[in-house]
Amino acid sequence: MSVSLPEISLGAGGTLVVTVTSPQAVTIHFNNDIKADPSTEPALLKTSLSGGKQEVWINRGSQEAPVLTNAKATVGTYQFTVADRAGKVIREHKEATDNQQQVPANANIHLAVAATTPAVSFGAPYRVFAVKNNDDSKLDELIELIEKEADFTAGQQGKYRFTPKEDGIYRFAVKEKSNFAAQQPILALFTDPDFSSQLLSSTEQAQIYGWDYTVLEYEMKAGQTVYVKLSEINSGALQTVIKAAHMALGKDTSYEYGKGNQLNKVILFTGDQIQLDYDLNGNVIKRTKKVFPFTN
């Protein structure tokens, strides 16, 4: 004899206990297709992100647990980075549409929605997850193509927030104002304002720009906020300026000529420049490198 029981709805993170008291076998079918809108589901920690907003949620439990989204229903996308307690990235995606993300025990998930995409709602068991409260209002704002003084005494660091307006490769550059040989700046990008989940460091990229420049390049999406840390390798003092800009990469090197068909400037495909100065007899007396975005 076959008996059908009513459908049972189990909330995210819930537990179903079944006890069989008859000699007949019991078959239970599970429907794993999550269709609920997390913004309306009870017993969930809920939020809706849009316009470049982001949050970090921490799985405080001893088991893996899901974070639900309505991205598919809203035809939206979201960015996420799952990292363990030490900040090591476990999994990430820049344009996710899945209706859930599994977060291991004691790990965190950094959620973000770009300014150019529809809002996305998220939900997770409130007894398991907690929102990491990040007050980044005190961080300096890096504005594209605007130089910012970055002078620090020994032991100090510069911490900034940067949000690009368009997709592409961005260059973060530090120019030293003096004492070039003694200073060794390091730039690092992070996903969160607590600077616990590192994306990339300038120590991982070749520094071919001379003693007085430190450069970090990273491909970004419009509205994707990153957090920038500027420090000195030995925790020493820094006398620098910092600047960020979108790299409009060219295909070839170009040349600018002046009077007498003299070569005045070499412009590399990266935007970096070499400027040449001459004496009255037409001999090159000075070559000056200009590292993008410090080229104006």
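Quantities reported herein were computed from a predicted structural model and do not represent experimental measurements. In what follows, every heavy atom counts, from backbone to side chain, and hydrogens, waters and symmetry copies are set aside. Start at 1 with the first residue, then count along the sequence.
- Checking side-chain atoms of Asn108 against main-chain N and O of Val56 turns up no donor-acceptor pair under 3.5 Å.
- Contact between Arg91 and Gln102 at its shortest, heavy atoms only, is NH2-O, 2.7 Å.
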Check: Could you go step by step and tell me if Gln63 and Val128 meet the side chain to side chain contact (heavy atoms under 4.5 Å, CB included) rule?
Finding: CA-CA 9 Å; Gln63 297 180 349; Val128 178; over 6 Å; no
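- Between the side chain of Ser121 and the backbone N or O of Lys46, no donor-acceptor pair lies under 3.5 Å.
- Here the straight-line distance linking atom CG of Asp151 with atom CD of Gln239 works out to 4.5 Å at 0.5 Å rounding.
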Notebook entry, point to check: Should His110 and Val89 be marked as a side chain to side chain contact (heavy atoms under 4.5 Å, CB included) after you check the CA-CA gap, both sets of side-chain angles, and the distance that decides it?
Noted result: CA-CA 10 Å; His110 182 279; Val89 175; over 6 Å; no
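- At distances below 3.5 Å, not a single donor-acceptor pair connects side-chain atoms of Gln224 with backbone N or O atoms of Pro164.
- Lys94 and Asp167 are not joined by a salt bridge, as no carboxylate oxygen comes within less than 4.0 angstrom of a charged side-chain nitrogen.
- A single hydrophobic cluster is seen to contain both Leu199 and Tyr170, as judged by linkage of ILVMFWY side chains at heavy-atom distances under 4.5 Å, directly or through other members.
- In this structure a side-chain-to-backbone donor-acceptor pair under 3.5 Å is present from Glu232 to Gln184.
- Atom CG of Leu216 and atom NZ of Lys229 lie 13.5 Å apart (nearest 0.5 Å).
- Summarising the geometry, atom CD belonging to Gln262 is positioned 9.5 Å from atom CG belonging to Asn283; distances are rounded to the nearest 0.5 Å.
- In terms of heavy atoms, Leu187 sits closest to Thr214 at CD1-O, 3.9 Å.
- Relative ring orientation between Phe190 and Phe195 is described as perpendicular, the plane-to-plane angle rising above 60° on a 0-90° scale split at 30° and 60°.
- Few gaps surround NZ on Lys177; more than 12 heavy atoms of other groups in view lie less than 6.0 Å from it.
- A single hydrophobic cluster is not seen to contain both Phe294 and Val174; linkage of ILVMFWY side chains at heavy-atom distances under 4.5 Å, directly or through other members, places them apart.
- Between atom OG1 of residue Thr163 and atom CD1 of residue Ile143 there is a gap of 10.5 Å, rounded to the nearest 0.5 Å.
- By the 4.5 Å heavy-atom criterion applied to side chains, Asp272 and Lys289 are not counted as neighbours.
- Within the 4.5 Å cutoff, no side-chain heavy atoms of Trp211 are placed close to those of Glu176.
- Considering CD1 of Ile208 and CD of Gln205, their distance stands at 10.5 Å, rounded to 0.5 Å.
- Using a 4.5 Å cut-off between side-chain heavy atoms of Ile, Leu, Val, Met, Phe, Trp and Tyr, with links allowed through other members, Tyr257 and Ile274 fall into the same hydrophobic cluster.
- With Thr240 contributing its side chain and Ala150 its backbone, the two residues share a donor-acceptor pair below 3.5 Å.
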Next item on the list: May I have the step-by-step check of side chain to side chain contact (heavy atoms under 4.5 Å, CB included) for Asn70 and Val120, ending in yes or no?
Entry: CA-CA 6 Å; Asn70 67 346; Val120 177; 3.7 Å; yes
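- Two residues are said to be in side-chain contact when any heavy atoms from C-beta on lie closer than 4.5 Å; Val291 and Arg171 meet this criterion.
- Residues Ser202 and Val215 come closest through the heavy atom pair CB-O, 3.8 Å.
- Val67 and Ala124 make their closest contact through CG2-CB, 4.0 Å (heavy atoms, listed as atom of the first residue, atom of the second, distance).
- Of the possible polar contacts, none joining the Asn264 side chain to the Leu276 backbone as a donor-acceptor pair under 3.5 Å is found.
- Looking at Phe162, Tyr218, Tyr160, Tyr227 one by one, the single match for ring-ring contact (aromatic ring centres under 6.0 Å, His included) with Phe172 turns out to be Phe162.
- Leu111 and Val226 are not part of a single hydrophobic cluster, where members link through side-chain heavy atoms under 4.5 Å apart.
- Using a cut-off of 4.0 Å between Lys/Arg side-chain N and Asp/Glu carboxylate O, Lys175 and Glu147 are scored as not salt-bridged.
- Looking only at atom types and distance, the side chain of Gln101 has a donor-acceptor partner in the side chain of Tyr78 under 3.5 Å away.
- Nearest heavy atom pair, residue Pro66 against residue Gln100, reads CB-OE1, 3.4 Å.
- Taking CZ of Phe269 as the start and OG of Ser254 as the end, the distance is 12.0 Å to the nearest 0.5 Å.
- Panel note: side chain Thr295, backbone Phe292; no donor-acceptor pair is recorded below 3.5 Å.
- No hydrogens or angles considered: nothing links the side chains of Ser201 and Glu204 as a donor-acceptor pair under 3.5 Å.
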Next item on the list: May I have the step-by-step check of side chain to side chain contact (heavy atoms under 4.5 Å, CB included) for Val103 and Phe80, ending in yes or no?
Entry: CA-CA 11 Å; Val103 182; Phe80 76 86; over 6 Å; no
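- Scanning all heavy atoms of the two residues, the minimum distance from Asn106 to Arg60 falls at OD1-O, 4.3 Å.
- The main-chain N or O of Asn281 is found under 3.5 Å from a side-chain atom of Asp279 such that the two form a donor-acceptor pair.
- Under a 3.5 Å cut-off, the side chain of Glu217 and the backbone N or O of Ile169 do not form any donor-acceptor pair.
- Within a 6.0 Å sphere centred on NZ of Lys243, heavy atoms belonging to other residues, nucleotides or ligands number more than 12.
- At a threshold of 4.5 Å between side-chain heavy atoms, the hydrophobic network of Ile, Leu, Val, Met, Phe, Trp and Tyr places Val82 and Val131 in one connected group.
- In terms of modelled atom types and a separation under 3.5 Å, the side chain of Gln275 and the main chain of Lys290 share no donor-acceptor contact.
- Residues Asn59 and Pro104 fail the side-chain proximity criterion, which asks for heavy atoms closer than 4.5 Å.
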